[in-house]
A.B. asks: 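One structure is given below, represented as structure tokens, and several questions about it will come after.
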Amino acid sequence: MTVVVVTDSSSRLPADMRDKWAIRQVPLHILLDGADLRDGVDDIPEDIYKLHATTAAATPAELADAYQQALADSGGDGVVAVHISSALSGTCGIGERTAGDLDPAIRVIDSKSAAMGTGFVALAAARAAAAGGNLDAVAGAARAAVGRTHAFMVVHRLDNLRRSGRIGGAKAWLGTALALKPLLRIDDGKLVLAQRVRTVSHATATMIDQVCEVVGDSPAALAVHHVVNPEGAQDVATALAQRLPACKPAVITPMGPVLAVHVGYGAVAVCLELPEA
């Protein structure tokens, strides 16, 4: 048997990629008008970002069920669970407590990222598992990948950020300029302001420049996410392909409803994983 990898729906791993690497997924939650909607399971309105919804972590019961099933399917070899940054969601902390109650063969990894920043860490673990790595090796591959991931995001509107509470130091700058288009990045698991820019086009160009500076000539893995903005995502992916010829084409996926609630309509993000040294 092999170690089984579990992640959550924030990872934005396409279904075919999850299937290829046998990665299990636990849903995060959207709370809307008294309804509890599971990301990736229940129908969620595409315009969820403007409906004053809130988000919630995966539940202890959901995580326990996923971990126990994965442990059984591994034949006792173990489980590595890779979750959205603990600074952005309670899921990782709940997972750690749940795993501690269940079995030491369940290891929980804080990806210190979100979207494919989390997905890339889960993929690193899954590749190590597929190569026959034991529990320590698979968990070690995931932890090493955490340090190789970077994420940047351009947000079009500030309304969702004001409500979110997920942005570090936001109160100091969110109300300063109505025309502000913030470029955000994930720093040690926290979503923080990288730069304040006056236009979306300038913010997007700055994001692309920063991604290219981080990647350099390396064959990094790339992903581009968006909130109901496929054209904007495709433009960013095309620009990255032109400027980063050593990289394979970026995976393009929606950012998903959980992140959309916090960053709002039009947002475009780039996640990347640098290769092993």
Side-chain angles (χ1 to χ4, degrees), residues 6-19 21 23-32 35-59 62-63 66 81-92 95 111-123 149 151-157 159-161 163-167 184-186 189 191 221-234 236-237 250-273:
V6 177
T7 190
D8 58 66
S9 61
S10 75
S11 70
R12 307 317 299 161
L13 283 165
D16 59 344
M17 201 174 285
R18 294 200 311 270
D19 291 343
W21 295 102
I23 298 172
R24 315 288 177 87
Q25 179 173 285
V26 178
L28 301 188
H29 293 251
I30 299 283
L31 308 178
L32 177 65
D36 185 341
L37 305 174
R38 296 164 297 170
D39 182 17
V41 178
D42 300 318
D43 290 333
I44 297 175
E46 188 178 53
D47 61 353
I48 189 69
Y49 54 85
K50 65 181 182 182
L51 298 180
H52 297 280
T54 58
T55 61
T59 67
E62 288 169 328
L63 292 168
V82 177
H83 291 302
I84 182 174
S85 171
S86 59
L88 300 176
S89 169
T91 300
C92 191
S111 71
K112 296 190 176 182
S113 193
M116 277 294 290
T118 300
F120 286 135
V121 176
L123 285 171
T149 61
F152 301 88
M153 183 188 309
V154 173
V155 175
H156 286 214
R157 296 176 57 86
D159 311 61
N160 296 72
L161 288 178
R163 293 194 299 265
S164 169
R166 296 298 198 280
I167 316 300
L184 308 174
R185 62 185 172 87
I186 293 183
L191 194 57
L222 303 171
V224 180
H225 304 296
H226 65 91
V227 179
V228 198
N229 189 6
E231 295 85 1
Q234 185 59 63
V236 169
V251 175
I252 302 176
T253 74
M255 204 173 294
V258 171
L259 296 176
V261 165
H262 297 290
V263 301
Y265 172 81
V268 174
V270 178
C271 297
L272 67 95
E273 181 196 10

A.B. asks: T55 and H29: side-chain donor and acceptor closer than 3.5 Å?
C.D. replies: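 H29 and T55 do not have a side-chain donor-acceptor pair below 3.5 Å.
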A.B. asks: With sequence neighbours left out, what residues match S11 under side-chain hydrogen bond (donor to acceptor under 3.5 Å, both in side chains)?
C.D. replies: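 In terms of side-chain hydrogen bond (donor to acceptor under 3.5 Å, both in side chains), with neighbours along the sequence ignored, S11 is linked to no residue.
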A.B. asks: Just verifying a value: how many Å separate L13 CG and F120 CZ, rounded to the nearest 0.5 Å?
C.D. replies: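 If I round to the nearest 0.5 Å, the distance is 8.5 Å.
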A.B. asks: Is any side-chain heavy atom of L184 less than 4.5 Å from a side-chain heavy atom of V155?
C.D. replies: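 They are in side-chain contact.
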A.B. asks: Could I get the full list of ring-ring contact (aromatic ring centres under 6.0 Å, His included) partners for F152, not counting sequence neighbours?
C.D. replies: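 For F152, no residue satisfies ring-ring contact (aromatic ring centres under 6.0 Å, His included) once neighbours in sequence are set aside.
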A.B. asks: What heavy-atom pair brings A151 and C271 nearest, and what distance separates the two atoms?
C.D. replies: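 So the two residues come closest at CB-SG, 3.9 Å.
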A.B. asks: Can you find a pair of side-chain heavy atoms, one from P27 and one from E62, that are under 4.5 Å apart?
C.D. replies: yes
A.B. asks: Would you call T149 and L272 a side-chain contact if the rule is heavy atoms closer than 4.5 Å?
C.D. replies: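 They are not in contact (no side-chain heavy atoms under 4.5 Å apart), so the answer is no.
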A.B. asks: With a 4.5 Å cut-off on side-chain heavy atoms, are I186 and K112 touching?
C.D. replies: no
A.B. asks: For the backbone of T253 and the side chain of R12, can you confirm whether one donor and one acceptor N or O come within less than 3.5 Å of each other?
C.D. replies: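 Looks like no, no N/O pair under 3.5 Å.
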A.B. asks: Locate the shortest heavy-atom distance separating G232 from N229; write the atom from each residue and the value.
C.D. replies: N-OD1, 3.0 Å
A.B. asks: Verify the distance criterion only: is there a donor paired with an acceptor across the side chains of T91 and S89 at less than 3.5 Å?
C.D. replies: yes
A.B. asks: Indicate the atoms forming the closest heavy-atom contact of C92 with S86, along with that distance.
C.D. replies: CB-CB, 4.1 Å
A.B. asks: If we only count heavy atoms from C-beta on, is the V251 to V224 side-chain gap below 4.5 Å?
C.D. replies: no
A.B. asks: Looking at CZ of R185 and OG of S113, how far apart are the two atoms once the value is rounded to the nearest 0.5 Å?
C.D. replies: 12.5 Å
A.B. asks: Could you measure the distance from the CD atom of Q25 to the OG atom of S10? Nearest 0.5 Å is fine.
C.D. replies: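 One gets 8.5 Å once the value is rounded to the nearest 0.5 Å.
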A.B. asks: Is H225 close to L259 at the side-chain level, that is, under 4.5 Å between some pair of heavy atoms?
C.D. replies: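 L259 does not reach H225 side chain to side chain.
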A.B. asks: Provide the closest heavy-atom pair for I23 versus A122 in the form atom of the first, atom of the second, distance.
C.D. replies: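 Where I23 meets A122 most closely, the heavy atoms are CD1-O, 4.0 Å.
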A.B. asks: Mind checking what makes salt bridge (charged side-chain N to carboxylate O under 4.0 Å, His left out) contact with R38, not counting sequence neighbours?
C.D. replies: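 R38 satisfies salt bridge (charged side-chain N to carboxylate O under 4.0 Å, His left out) with D42 only.
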A.B. asks: Side chains of L63 and H83: does their closest heavy-atom pair fall under 4.5 Å?
C.D. replies: yes
A.B. asks: Kindly indicate whether the side chain of D47, heavy atoms from C-beta on, has any atom under 4.5 Å from the side chain of V228.
C.D. replies: no
A.B. asks: Between I44, L51, T54, which is the residue that forms a side-chain contact (heavy atoms from CB on, under 4.5 Å) with I30?
C.D. replies: I44
A.B. asks: Which atom names give the shortest non-hydrogen contact between I48 and A260, and what distance separates them?
C.D. replies: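 Heavy-atom minimum between the residues: CG2-CB, 4.5 Å.
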A.B. asks: With a 3.5 Å distance limit and no angle check, can you tell me whether D39 reaches the backbone of V258 through a side-chain donor-acceptor pair?
C.D. replies: no
A.B. asks: What distance separates I84 CD1 from D8 CG, expressed to the nearest 0.5 Å?
C.D. replies: 6.0 Å
A.B. asks: Hey, can you tell me if Y265 and Y49 have their rings parallel, tilted or perpendicular (30° and 60° cut-offs)?
C.D. replies: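 Ring orientation of Y265 relative to Y49: tilted.
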A.B. asks: Hey, could you give me the CE/CE distance between M116 and M255, rounded to the nearest 0.5 Å?
C.D. replies: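 Result: 13.0 Å between the selected atoms.
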A.B. asks: Closest approach of V82 and S111, non-hydrogen atoms and distance?
C.D. replies: CG1-CB, 4.0 Å
A.B. asks: Could you please spell out the steps behind the side chain to side chain contact (heavy atoms under 4.5 Å, CB included) verdict for L191 and L88?
C.D. replies: CA-CA 8 Å; L191 194 57; L88 300 176; 4.1 Å; yes
